[in-house]
Amino acid sequence: MTSSAASAPGPVAKAAGTGDLRPVFRFAPSPNGYLHIGHAYSALRNYEMARQHDGRFLLRLEDIDLDRCRPEYEAAIFEDLAWLGLTWEEPVLRQSQHFSLYASAIEGLRDRGLLYPCFCSRLEISRVISGVRDWPRDPDGGPIYPGTCRHLPLEERERRLASGQHAALRLDMGQAVGEAGMLLAWCEFGEGEEGRDVRAEAQLWGDAVLARKDIPTSYHISVVVDDARQGITDVVRGKDLFDATSLHRLLQALLDLPAPRYHHHDLLRDAAGQKLSKSTRAKSLRALRAEGVTANDVRRRLGFST
Ligand code: GLU
């Protein structure tokens with residue numbers, strides 16, 4: 001049996017806990033840099049789909065990494081989105097205000113024996129795998145965790161925790177997939193109107209980190225908890241997060257959260273075919289604006305009406 005929560009095409013699901021039948025969309029940038037044209041595409045797709053389906057459009061700042069997120073980037077997000085002609089519901093949602101919700105989701109998984117503390121540094125992991133040819137990699141290219149801390153004797157675990165050693169919390173993937181107990185799927189619309197079921201393959205991620213050493217949560221936990229609490233019916237985001245959806249679908253099943261419909265859109269690429277990103281120094285919207293590019297130029301270039 002496979003289970004995907006939303007299989008009917010077209011956004012009609014009910015927002016969680018409300019009598020409101022409107023579909024709910026969200027744009028969820030991280031305020032750790034300026035928005036570029038790839039973000040503009042994602043924001044506009046969310047916004048236009050919400051409009052087209054008489055839906056709600058939420059803005060959620062994914063600011064769990066307090067060291068990297070800055071108020072000036074946040075202010076720039078508001079400015080850039082308003083410049084593009086977008087409006088969103090107030091209040092703006094902030095993940096940094098939801099740490100306690102993420103903590104209770106993590107505690108719940110931990111109580112069920114699905115998480116274990118991991119003391120390894122990146123360096124230690126790379127040492128373990130360095131001698132092995134073709135060590136398996138996750139869909140983002142990171143090495144699959146070799147499981148070192150999964151095998152730590154309980155007393156040693158306790159001793160290291162009691163001595164104040166920092167630990168991340170990893171999902172015991174084998175256990176978690178067993179506990180979810182059925183083949184999971186999600187309903188994927190891509191850029192189109194037709195949904196298809198995609199089999200979730202969370203095991204491709206190995207024992208993923210769900211609470212980081214430096215932050216008491218992770219992108220994966222925060223996004224599934226928020227999408228559920230905020231009644232998101234349709235997640236519209238770039239294809240770079242397509243594979244992460246397998247893990248999200250598993251977490252939704254374990255935490256008994258509803259699964260939204262997913263619309264993973266194509267990514268904008270630069271002339272060399274590289275995905276636009278903050279790290280590849282894609283030109284920011286504010287830099288384009290300073291060069292005299294207008295919001296309508298951007299909308300036209302991205303294929304939206306003006
Ligand atoms: N915060 C993520 C990003 O800026 C988006 C996450 C999502 O849409 O699920 O790439």
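Ligands are counted one by one from 1 in listed order, and the atoms in each one are counted from 1 as well.
Heavy atoms of Arg26 come nearer than 4.0 angstrom to ligand 1 in at least one pair. In this structure, Phe27 does not count as a contact residue of ligand 1, since none of its heavy atoms falls inside 4.0 Å of the ligand.
Neither the backbone nor the side chain of Val235 comes within contact range of ligand 1; no heavy atom lies under 4.0 Å.
With ligand atoms numbered from 1 in the order given, ligand 1 contributes 1 (N), 4 (O) to contacts under 4.0 Å with heavy atoms of Ser30. Against a heavy-atom cut-off of under 4.0 Å, Glu62 is close to the following atoms of ligand 1: 1 (N), 2 (C), 5 (C), 6 (C). Atoms of ligand 1 found under 4.0 Å from any heavy atom of Tyr219 (numbered from 1 in listed order, with element): 6 (C), 7 (C), 9 (O). The ligand atoms of ligand 1 that sit less than 4.0 angstrom from a heavy atom of Val223 are 9 (O). Close approach to Arg237 involves these atoms of ligand 1, each under 4.0 Å from a residue heavy atom: 7 (C), 8 (O), 9 (O).
Residue pairs satisfying the side chain to side chain donor-acceptor pair (under 3.5 Å) criterion with at least one member in residues 102-121, sequence neighbours excluded, are listed as follows: Tyr102-Asp226, Arg112-Glu179, Tyr116-Asp207, Ser121-Glu124.
Residues Arg60 and Ser222 bring no donor and acceptor atom of their side chains to less than 3.5 Å of each other.
Aromatic ring centroids of Tyr41 and Phe304 lie under 6.0 Å apart.
Taking all heavy atoms of Pro29, Ala28, Pro31 into account, the minimum distance to atom 2 (C) of ligand 1 is reached by Ala28.
Between Phe25 and His53, the two ring planes are parallel [angle under 30°; tilted spans 30° to 60°].
Formation of a donor-acceptor pair under 3.5 Å by the Glu188 side chain with backbone atoms of Gly190 is found in this model. Although no hydrogens or angles enter the test, the distance criterion places no donor-acceptor pair under 3.5 Å between the side chain of Arg261 and the main chain of Asp234.
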From CA spacing to verdict: side chain to side chain contact (heavy atoms under 4.5 Å, CB included), Trp88, Phe78: CA-CA 10 Å; Trp88 51 90; Phe78 301 148; 4.0 Å; yes
